[in-house]
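We count ligands from 1, going down the list as the structure has it; atoms in each ligand are counted the same way.
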Amino acid sequence: MANKKPTIVILATGGTIAGSAASALETTGYRAGALGIDVLMEAVPQVREYANVAGEQICGIDSKDMTGALWLRLAERVNELLAKDDVDGIVITHGTDTMEETAYFLQLTVKSDKPVALTGAMRPATAVSADGPMNLLDAVRVSASGESFGKGVLVVMNGEIHGAREVRKADTLSVGAFQSPGGGPLGYVQDGVPAFLHLSLRCHTKESEFDISGITELPYVKVLYGHADDDGLFADAAVSAGAKGIVYAGMGNGSIPAAAEMALEKASSRGVVVVRSTRTGSGAVIASEPSYENAHFLRGDSLSPQKARILLQLALLKTTDLTEIQRMFGEY
Ligand code: SIN
């Protein structure tokens with residue numbers, strides 16, 4: 001008996017992969033998320049050679065407008081679909097600007113070992129040499145592959161397979177915009193065949209302790225970007241606005257200018273959870289100044305500030321215990 005093809009559900013959320021420009025020469029200034037899932041799938045009929053595919057439109061947005069409410073809806077739908085015996089994997093088409101954040105949110109909230117692969121495009125669907133169709137085909141092949149089982153949420157772009165925790169968009173325009181600082185991609189799609197070289201060892205998906213069932217809103221957490229001369233004004237503003245947590249994208253090993261440190265110390269003494277992160281783009285934030293430890297600032301490990309924010313939001317759904325939250329930063 002011939003092997004049955006896996007069933008993959010493609011969830012569309014918008015982005016440049018669904019972008020439509022006035023001419024085939026335009027690669028900026030287009031409308032992201034304008035085209036529906038049917039148009040995307042029609043552009044790559046070859047996906048059906050590798051999987052039985054079904055498409056579903058979740059939203060049609062420019063991913064700069066992604067929200068916590070949409071993450072919750074998307075995660076819930078992914079969990080619902082993956083719980084079915086007749087669904088083998090998920091592909092999510094997504095704008096590249098916040099793809100890494102959505103991938104990490106799903107990495108922490110999807111309760112399945114089945115493959116989930118996000119993909120997108122740097123050139124709109126209408127452009128000469130659009131990159132979306134090949135990326136979509138690669139993502140379906142990755143999601144349909146038994147090799148992808150249990151590897152966490154994946155980002156498939158430009159022939160590379162990245163892990164959700166490490167991946168970041170690192171270029172504004174290049175089709176090779178995605179990088180995973182520190183370890184590089186988990187693998188590659190070589191002539192259509194997924195080949196893995198590395199594993200991400202941090203907890204994810206089925207092992208994750210975070211459960212978003214019944215949750216309708218995520219805690220309010222702000223990222224503040226450190227810079228020379230920071231007077232701490234925005235830290236005070238975040239507290240006044242009701243932030244439950246602040247991630248400070250500090251200099252180097254999460255260093256904080258003195259005036260901002262004073263404002264964050266005040267925030268921490270009022271029960272706002274403060275996490276030191278870094279604006280460097282790679283490397284871990286570890287213990288340094290004793291004053292940071294005395295003020296009970298947590299260390300964001302090697303998560304980017306935007307991913308530290310997501311982990312802190314999910315942590316705050318469970319606890320405000322600082323020792324517990326620091327443990328989570330070491331595990332996820
Ligand atoms: C977006 O993130 O929705 C627009 C940019 C892109 O997809 O590359």
Side-chain angles (χ1 to χ4, degrees), residues 10-44 47 55-75 77-78 90-107 116-140 142-143 153-162 164 166-180 185 189 223 281 304-307 309-310:
I10 304 178
L11 302 177
T13 68
T16 294
I17 190 167
S20 176
S23 99
L25 298 182
E26 282 183 44
T27 54
T28 60
Y30 53 86
R31 204 153 63 79
L35 307 174
I37 178 68
D38 295 343
V39 180
L40 298 195
M41 284 167 62
E42 272 161 29
V44 213
V47 295
E56 207 175 295
Q57 193 80 40
I58 298 288
C59 55
I61 59 164
D62 185 318
S63 79
K64 69 179 172 54
D65 295 320
M66 185 48 74
T67 63
L70 272 171
W71 281 340
L72 289 167
R73 206 168 100 205
L74 184 60
R77 187 64 187 135
V78 171
I90 302 283
V91 167
I92 298 169
T93 58
H94 197 290
T96 59
D97 286 348
T98 59
M99 188 184 290
E100 70 207 56
E101 290 173 65
T102 300
Y104 189 57
F105 184 80
L106 296 174
Q107 167 101 333
V116 177
L118 281 84
T119 195
M122 292 297 290
R123 296 179 183 142
T126 46
V128 172
S129 195
D131 52 333
M134 185 53 118
N135 285 340
L136 181 56
L137 181 60
D138 280 351
V140 169
V142 167
S143 193
V153 173
L154 304 169
V155 166
V156 180
M157 289 289 292
N158 199 38
E160 295 174 343
I161 310 169
H162 293 268
E166 291 78 20
V167 70
R168 60 191 298 159
K169 185 173 181 180
D171 196 278
T172 53
L173 297 172
S174 165
V175 290
F178 284 80
Q179 291 175 8
S180 293
V189 184
V223 175
S304 65
Q306 56 272 32
K307 289 185 191 170
R309 172 178 174 269
I310 290 169

Could you pull out the N/O contacts under 3.5 angstrom between ligand 1 and the surrounding protein atoms?
unit_1, atom_1, unit_2, atom_2, d
ligand 1, 2 (O), Ser63, OG, 2.6
ligand 1, 2 (O), Thr96, N, 3.2
ligand 1, 2 (O), Asp97, N, 3.0
ligand 1, 3 (O), Asp62, OD1, 3.3
ligand 1, 3 (O), Ser63, N, 2.7
ligand 1, 7 (O), Thr16, N, 2.9
ligand 1, 7 (O), Thr16, OG1, 2.9
ligand 1, 7 (O), Thr96, N, 2.9
ligand 1, 8 (O), Thr16, OG1, 3.0
ligand 1, 8 (O), Thr96, OG1, 2.4
ligand 1, 8 (O), Ala121, O, 3.2

- Message: Surrounding CE of Met134 (heavy atoms of other residues, nucleotides or ligands, distance under 6.0 Å), is the total greater than 12?
- Response: no

- By salt bridge (Lys or Arg N to Asp or Glu O under 4.0 Å), which residues pair with Glu26, not counting sequence neighbours? none

- Query: Do other residues, nucleotides or ligands put more than 12 heavy atoms under 6.0 Å from Arg77 CZ?
  - Reply: yes

- How are the rings of Phe105 and Trp71 set to each other: parallel, tilted or perpendicular (split at 30° and 60°)? parallel

- Query: In Å and rounded to the nearest 0.5 Å, what is the CD1 to CD distance from Ile37 to Gln57?
  - Reply: 6.5 Å

- Is Leu118 close to Leu106 at the side-chain level, that is, under 4.5 Å between some pair of heavy atoms? yes

